Structure formats: structure tokens, C-alpha cells
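None of these values were measured; they are calculated from a predicted model.
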Amino acid sequence: MRDLSCALSASLSLVLDQLGVGETEVSIQEVPLGKPGDFGTPVAFGLARVLRKSPTLIAEKIVERIELPNGVLRAEAVGPYINFFVDPGPYVRSVIELPLSLVNTSGTEVIVEHTSVNPNKETHIGHVRNIVLGDAVARILTAAGHTVEVQNYIDDTGRQAAESLFAIDYFGARYDGEGKYDRWLGDLYVRLGRAKEDDGEVIDRGVDAVMRRLERGELRAEVEAVVRAQLETCYALGAEYDLLVWESDIVRSGFLDRGLKILRESEHVSQPTEGKFAGALVMDVSAFIPGLEEPNVVLVRSDGNAMYVAKDIGYQFWKAGLFKGLNYRRFDTQPSGRPLYTSAPDGEPEPGGRRLVHAQEIVNVIGVEQSHPQTLVRAALALSDSAESLAASKGSRHLAYELVSFEGQTMSGRKGIALPADEVIEEAVSRARAVIKRKNPDLGPADEVARQVGVGALRFAMLKSEARRVIDFRWEQALSLQGDSAPYAQYAHARACSILRSAPEVLGIGTDWRALGELEVRLAQVVARLPQVVAAAARDLAPHLVTQYVLDLATAWNGYYNHKDDEGRPDTQILRSAPGLREARLALVTKVRDTLAASLDLLGVEAPEQM
RNA sequence: GCACCAGUAGCUCAGUUGGAUAGAGCAGCCGCCUUCUAAGCGGUAGGUCGAGGGUUCGAGUCCUUCCUGGUGCACCA
């Protein structure tokens, strides 16, 4: 009895075979509250037309004939539905014995690129969404059996980085070590933007010069200082990476030219000698994106300069493994001990034997506003005439997320209207600390728990709704410590821990599974759902499915914990249960605790044992 | 103009790929700590699922036409 719904649908299929309708798909679902039974199927509906009988009659007939799998006591036709009653003891036991981790033999290698903040300013709340979303997706894909490499792209040759670095010289500023470096630099960037109104020409020329130096990789150390400051914030949020990819390394490695060379061989890419696009290199994407007014996309301008999409395409070609050639070295040891690598001209192809950039699937976590360029990148791969690149196109996915506004106001890094991530984290933690002080003043590790709860609340708020939904960040809502939030689930976990802490040492001895009943079945059903949730979340790149599940599980557990009988007396007190029943319940609580912790971990939310 | 996304309770959102009476949280009202953590639980109230048409035994979910809001559509980066 490894998985009950599999067993049930197998049993049903057998009956359907006898009835001569073998190919029908059988779905097993949990029975809604208030209806008889634990699991049910609407399969009879679909058979009504084929068998020319009413679904109710068919349901009855199936119930008569079905051979029930182990652990199922009986089947009942409830109108057109067929519902099953599980044997509580064996069922709950089988759920408890289910392994937490998924065994997925079809797991692939996946690159997840996220964060990729311009290295010229502090991260703000919009970046937090990217960081947290990408991090959660990486965790979920890993749990689903994939091998994941997390990349963080450093756009160190862009105009923004150049402006910030130029601003240091322009204003003669010096970092005195007060506050974070990225914050300090970001302020200079905003100041420079304002100064451009009076001194635009000088500034533009200066920035151009810095850009050329950046492309040659001469200011690597300066950019690295910003990147390290930004990474501190990412670490504080619980996100870690495998590889930093520097744009200057990509540029100098010639990937752009190599990518263009591949593209030129495509029949969809041409260099017209006359007309609107004379002299430019254009790609006709109409075969990939039908219905466009203008199917031609300029890759290289007639003056010979490559467009930004062309760089993106070259980068994606490299990610897809169409060409190699970058070197790497170790960059950092992250808080968990996980090593962080970086592309580096003076590095080696496989530093310390580590094989990097190898994947069949590529997930780019980038804002929705980049949907068009991201589609063009996939188009370029699809139109490149090789089986490899076609596969890479199919394996490329854009996880698009909507913007985050702040109390109704849209943010702008350029103007300096932004809510810095560091401030949000600090505020979240201090709110958590205040609650601890009020509710549990004697809690030992108060600071550590405040951090776990505050950061957890923030992450959860960013992941709770679908990525394609706009989030208006409001303090009260996002950092709420009650209701549909991380602390709600963390509290449920801590509560389970607390019970288990005071449980006798005899766990597992004299367990009487038969003493369990319907209440435990309901709770176990939610526990059993995790594997399907992980699979769906991985397939759809949708962490919000996991947040929803975490809430479901915490709610089910809290409901169980507080349950009262018809006379209003608590009837689920674990430690006061009769011997035998107590052990069985303790085993279930242990499973609930572990499942809560595991599913929170998929979201990058820590689960304190006390709070 | 064309394309993509969204529209579900006063507010913020779910809705297991077409199944049973559309669910949570917040806000409101009423209850529950002599009992394993009340950051919790129960109850109550709140809905034309943007509108119309269609497919289906069955539609919040699928097809279609509208309405509203957002974003994207450069030889910019």
C-alpha cells in the first residue's frame, strides 16, 4: 500500500476493463467535508454516454464488482460518485512511512538564473521578489529530483554600473565604511542622475570612458565590492548561488560573435542590401511568433554594433551548452557552507573538479516586462537549424513576475524612489522581536527566532500569490505574523515540537494503530498530498502552490489539535491519550512536524522549534 | 493599432488543469485558555466568479464577442 490513490485507480481500472471501457482515465480525489468517505472518484460520469446508463447506476455497478485494495474498508456509491472508506490505522501508518524526499528518476539538469541585480546600487523590494522567487523555484526543482545550478548574472558592462562608478570620481566621494557600500553607491548614482541636467555632456563622456574600461575588465575589483554588498542581502534572505556570471567575461569570450555565426547560418537570418534594414543583420521570427506586424528583428545594426538581444541570445546559447570556453574560480563560501563560483579569466574550466554550466533546461527569472526579449531569445534558438538549439529553445523557460509597488507607488531606481531590501528585512525582524517579547519573553534564542520569523514572513508574502500578480507591498500585510503567513505555519511547527519535547521516550513501542480514527485520517490525507504538490510546483514553476499547501497542512494540524467532541471536550490530546493510541498519535505528530519543516524549507522559510 | 497578462466576499488572494454546497486571511460581530504553545480554534455575516453568448451530463475553470485595468511592441540599453 505505497500510494493509496494509485492502488484505488488500479482497482477501478480493473473493473472498467470488465465493463469494456478500459482506456478511461480515473481520477481519485479527496472527498469534500460533510460527504461520506475519504476518497472518491467521479469516473461514472464519463461512462454514462459510452454505456448508455445513468452515472448513478454505473457507480452502483462498479461498487458491486470492485475488488478493494488493502487498507480500504468499503466503497459506496454516493449518487454518481464512488467513495471509498479507508481503514484508519493502516492508512495513517502508510502515510507516516512515506519518505519525505521524492525519488524522481526522470530528473534533469536545470540552470536557474535569478537575482541579476545591476551592480550599482542597493537591492530594493522588487529585487526581493526576484531573489525569493528564484531561490524557491531552485529549491522546489531540487526537491522534485532535478539537479539545479543557480546562476546570478552580473551586468558589469552596462551603463548603470558605469554611471555609479563614474559618480565616485565625479563627486570626489570616498566610502568611509559607514553603512552598506551598495547603499552608498546607489545614492551617488541618483545624485549623478540629477547632475546630468546641468552637466550632461561631461558626464556622458566620462561614463562612456568608464564603460570601455568595464568591458576590458579593468574595474573588476570596484564592481566586486558592490556585488559582495548585494550578496550580503541575498544571504540574509536565505538565498544562495552556485555561479556568478560576469557580462564582461561573456563579452570578451567572443560568445556574441560565435552566437551570431550560428545565427547567420539560419535561413531566417539575413543581411538585406536594400530597404528599411539595409546593412543590418536581421532575424525573421514570423515562423516562431506568428501574426507580427514587423517580423524582422535587428540583431546587428547597420553601423556594426550589436543590439542587446543579440547579447542575450549569445548568453543563452552558452547556457544551453552550444559553446564552451569560460573559466571559473571559487568566489566565496556562503553561510550554509555551499561554495560560490564565479566566471574569471584567470580561472580554470573545472575548478576543483566542479563541472559548471551543464543543463537541459534553463529557467530565467526575469520581470514580465522582459517577456518580449525573452521570447526573441527562444525564437533565435528555435530558428538556428540545429537539433541542439531547438532542444535548448524548448528547454528554455521564462519565469515572469510582476512588479512590486510600495504602498501604491511604483518604484524607480533611477529617481531613488525605492524601498531598500535591507530596511525591509530589518523592519520584519524587529516586528517579530516585538511579538516574541510580548508573547514569550523567556524564549532563549529570541534574536535567532526573530530573524527566522521576520525573514520567513517576508519571503512567504512574496511567494504567496502567483508570480504574474502585481504585489503592492504594505507593511501591515506583508509582515503580518498571523493568518495566512509564514509565522502561522512556523507556530504550528513549534507547537508540534513542543508536544514531542514533552513526550515520553517510549515512542514506537506498543503503538496501537487500530485506535486511530477519522480525525487522524483527515490530517494524514493532507500530509500525503506533499509529493503531488511538489511535482506540480516544479512543473509550473509555481512556489505559491507550496505556500498554499503549507497553510493547508498547518490549518489541518491546528484544527486537529483544537478538536473537541460533541460535548465540547478536547478529544485529541496527544499526551493524555490512552497508551497505544498515544504512541500512534505521536508518530503522526512527528510526521506532521517533519512535513511542515520540509515544505517550509521548499520556500526557504526556516522552522524554529520554539517561538 | 497589434500582442500578452489580470478581473472571484468591503480589502488581499486561493481554487488540485472540467466534478460534489466556490474557499482562506484581513476588517466586523459572538464565543473558547484549571487542559500538550491562544502567533491558535470554533461560530456568524459577507458572492450576478467583469458582462453576454456558446460547448458539456456538469463551467470560476474550455471556445467566442465585448468592457475595465496593467505591460510590451525602436538600427535604445
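Relative ring orientation between A:Phe473 and A:Phe406 is described as tilted, the plane-to-plane angle lying within the 30° to 60° band.
No hydrogens or angles were tested; on distance alone, nothing pairs the side chain of A:Ser498 with the base of B:rC36 as donor and acceptor under 3.5 Å. Side chain A:Gln573 to base B:rU35: a donor-acceptor pair is found below 3.5 Å. Taking only distance into account, the side chain of A:Asp312 never meets the base of B:rA77 through a donor-acceptor pair shorter than 3.5 Å.
We find that NZ of A:Lys439 is positioned 15 Å from P of B:rU37, with the value rounded to whole Å. When rounded to the nearest whole Å, the span between CZ of A:Phe45 and P of B:rG19 equals 11 Å. Rounding to whole angstrom units, CG of residue A:Leu47 and P of B:rG58 are separated by 17 Å. Taking atom CG of A:Leu376 as the reference point, atom C1' of B:rC73 lies 10 Å away to the nearest angstrom. Atom C1' of nucleotide B:rG40 and atom NE2 of A:His563 are separated by 15 Å, given to the nearest angstrom.
Judged by ring centres under 5.5 Å apart and planes tilted less than 30 degrees, A:Tyr81 fails to stack against the six-membered base ring of B:rG19.
For A:Gln477, no side-chain nitrogen or oxygen approaches OP1 or OP2 of B:rC11 to under 4.0 Å. An OP1 or OP2 oxygen of B:rG40 is reached within less than 4.0 angstrom by no side-chain nitrogen or oxygen of A:Asn562. A close approach under 4.0 Å does not occur between any side-chain nitrogen or oxygen of A:Arg468 and OP1 or OP2 of B:rC5. Checking the phosphate oxygens (OP1, OP2) of B:rG70, no side-chain nitrogen or oxygen of A:Arg469 falls inside 4.0 Å. For A:Tyr488 and B:rC41, the shortest distance from a side-chain N or O to OP1 or OP2 is below 4.0 Å. Taking 4.0 angstrom as the limit, A:Tyr401 places none of its side-chain polar atoms (N or O) nearer than this to OP1 or OP2 of B:rC5. One finds a side-chain N or O of A:Tyr491 lying less than 4.0 angstrom from the OP1 or OP2 phosphate oxygen of B:rA39. At the phosphate of B:rC76, OP1 or OP2 sits under 4.0 Å from a side-chain N or O atom of A:Arg301. OP1 or OP2 of B:rC57 sits under 4.0 Å from a side-chain N or O of A:Arg49. The phosphate of B:rA38 has OP1 or OP2 within less than 4.0 Å of a side-chain N or O from A:Arg495. Distances shorter than 4.0 Å separate none of the side-chain N or O atoms of A:His493 from OP1 or OP2 on B:rA39.
With a cut-off of 3.5 Å on both pairing distances, the Watson-Crick or G-U wobble partner of B:rC41 is B:rG31. For B:rG46, there is no paired nucleotide, since no Watson-Crick or G-U wobble pair has both relevant distances below 3.5 Å. Across the strands present, B:rA14 finds no partner; the criterion is a Watson-Crick or G-U wobble pair with both atom distances under 3.5 angstrom. Across all strands shown, the partner of B:rG1 is B:rC73, judged by Watson-Crick or G-U wobble contacts whose two distances both fall under 3.5 Å. In this structure, B:rA9 makes no Watson-Crick or G-U wobble pair, since no nucleotide meets both defining distances under 3.5 angstrom. Remark: B:rA20 base-pairs with no nucleotide in the shown strands. Criterion, Watson-Crick or G-U wobble with two distances under 3.5 Å.
Contact annotation for A:Val31: base contact, defined as any heavy-atom pair under 4.0 Å involving a base atom.
B:rA14 sits 13 Å from B:rC49 when the C1' atoms are compared, rounded to a whole Å. Rounded to whole Å, the separation between the C1' atoms of B:rG47 and B:rC11 comes to 15 Å. Nucleotides B:rU61 and B:rG53, compared at atom P, are 14 Å apart to the nearest Å. Taking atom C1' in both B:rG19 and B:rC26, the straight-line distance is 31 Å, to the nearest Å. Separating the C1' atom of B:rG70 from that of B:rC62 is a span of 25 Å, rounded to the nearest Å.
Out of B:rG40, B:rC36, B:rA77, the shortest distance to the side chain of A:Tyr308 is found at B:rA77.
Each of A:Met283, A:Gln271, A:Arg264, A:Met307 was scored for a side-chain contact (heavy atoms from CB on, under 4.5 Å) with A:Leu299, with one residue passing: A:Met283.
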